[in-house]
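These notes concern the structure reproduced below.
Quantities reported herein were computed from a predicted structural model and do not represent experimental measurements.
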Amino acid sequence: MRPDWDTYFMKIAYTVAERSTCDRAHVGCVLVREKRILTTGYNGSPVSQPHCDDVGHLMIDGHCVRTIHAEMNAIIQAALHGISTKGATCYVTHFPCLHCTKALINAGIVRLVYHIGYRIDENAVQFLQLANIEICQKDFTP
């Protein structure tokens, strides 16, 4: 059976997550506008930096800070390649952290589709609501 668009792009987000280099959470993100993929991102270390999978985690206050989150990497890829994200939908395997939420808002995202409600920050939810961003949790089996 042909998948609906949300299922299709969420499957792609999970495929992107397979490139993650921090085993604390394999997260994938796909930015889409008008049913076309703009960019993708996964959580991993900055270019030319060691990866958690190779050297271990760099933990501060219970968080691994060695990696850049998937949403940030997708936004950075858009910036590097001159691609506007205004009006896009963000498909992401895990609900974004507060920092990624703020970046998505400023990147012009209009819709957020996520699967796993991992550490949902109520401030992030409130910020998304104040920005009139549609939030959808996708019931999905990867």
Side-chain angles (χ1 to χ4, degrees), residues 2-131 133-142:
R2 189 174 186 194
D4 62 64
W5 287 109
D6 284 348
T7 300
Y8 174 74
F9 289 120
M10 189 59 71
K11 283 183 180 183
I12 295 171
Y14 269 95
T15 299
V16 170
E18 292 176 8
R19 293 280 307 154
S20 295
T21 60
C22 181
D23 63 5
R24 288 178 48 84
H26 288 197
V27 181
C29 177
V30 181
L31 299 183
V32 174
R33 187 177 51 242
E34 297 174 7
K35 300 177 185 166
R36 300 288 183 256
I37 295 172
L38 302 175
T39 62
T40 64
Y42 55 87
N43 56 324
S45 296
V47 174
S48 77
Q49 301 295 309
H51 297 285
C52 295
D53 289 352
D54 298 329
V55 298
H57 302 289
L58 178 58
M59 301 297 293
I60 297 177
D61 295 328
H63 298 279
C64 179
V65 298
R66 187 175 304 286
T67 63
I68 300 174
H69 289 185
E71 303 92 329
M72 292 287 200
N73 270 327
I75 293 168
I76 290 166
Q77 285 303 307
L80 281 172
H81 298 285
I83 299 168
S84 172
T85 56
K86 185 176 182 181
T89 295
C90 173
Y91 290 89
V92 62
T93 56
H94 297 63
F95 191 86
C97 72
L98 182 57
H99 296 295
C100 288
T101 294
K102 293 185 287 186
L104 290 168
I105 291 168
N106 277 3
I109 301 302
V110 296
R111 184 167 180 254
L112 171 72
V113 181
Y114 72 98
H115 175 222
I116 298 171
Y118 176 76
R119 293 186 180 180
I120 293 180
D121 184 313
E122 290 306 315
N123 289 314
V125 173
Q126 183 180 20
F127 284 16
L128 290 165
Q129 291 170 338
L130 287 171
I133 294 174
E134 180 185 353
I135 306 167
C136 303
Q137 183 172 19
K138 178 71 177 163
D139 184 22
F140 179 78
T141 304

Just jot down the side-chain contact (heavy atoms from CB on, under 4.5 Å) partners of [X], sequence neighbours excluded, or say none.
X      : answer
Asp23  : His26, Asp53, His57
Val47  : none
Thr89  : Tyr91, Arg111, Val113
Arg119 : Arg24, His63

Looking only at non-hydrogen atoms, find the nearest pair between [X] and [Y] and report the distance.
X      : Y      : value
Cys22  : Thr67  : CB-CG2, 3.6 Å
Phe9   : Arg36  : CZ-N, 4.4 Å
Cys29  : Cys90  : SG-SG, 3.6 Å
Val30  : Ile12  : CG2-CG2, 3.7 Å
Gly117 : Gln137 : N-NE2, 3.9 Å

Suppose we screen for salt bridge (Lys or Arg N to Asp or Glu O under 4.0 Å). Which residues come up paired with Lys11, at least two apart in sequence or across chains?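 None.
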Applying salt bridge (Lys or Arg N to Asp or Glu O under 4.0 Å), name anything that partners Asp61, two or more places apart in sequence or on another chain.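 So Asp61 forms no salt bridge (Lys or Arg N to Asp or Glu O under 4.0 Å) with any residue.
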Rounded to the nearest 0.5 Å, what separates atom [atom1] in [X] from atom [atom2] in [Y]?
X      : Y      : atom1 : atom2 : answer
Ile109 : Thr85  : CD1   : OG1   : 5.0 Å
Tyr8   : Ile37  : OH    : CD1   : 5.5 Å
Leu104 : Ile133 : CG    : CD1   : 7.0 Å
Ile105 : Leu128 : CD1   : CG    : 5.0 Å
Asn43  : Thr21  : CG    : OG1   : 6.5 Å
Cys64  : His69  : SG    : NE2   : 8.0 Å

Are more than 12 heavy atoms, taken from residues, nucleotides or ligands other than Asp139, located less than 6.0 Å from that residue's CG atom?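 Atom CG in Asp139 is not crowded, with 12 or fewer foreign heavy atoms closer than 6.0 Å.
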Count the heavy atoms belonging to other residues, nucleotides or ligands that lie under 6.0 Å from NE2 of His51, then report whether that count exceeds 12.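 Yes, NE2 of His51 has more than 12 neighbouring heavy atoms, counting only those of other groups under 6.0 Å.
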Taking the side chain as every heavy atom from C-beta outward, state whether [X] and [Y] have any pair of such atoms under 4.5 Å apart.
X      : Y      : result
Tyr114 : Lys138 : no
Asp121 : Cys97  : no
Ser84  : Arg33  : yes
Thr93  : Tyr118 : no
Pro96  : Leu112 : yes
Asn73  : Thr39  : no
Glu71  : Val92  : yes
Pro50  : Arg66  : yes

Looking at Val27, is its backbone amide N or carbonyl O close enough to the side chain of Ser20 to form a donor-acceptor pair, meaning the two atoms are under 3.5 Å apart?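 Yes.
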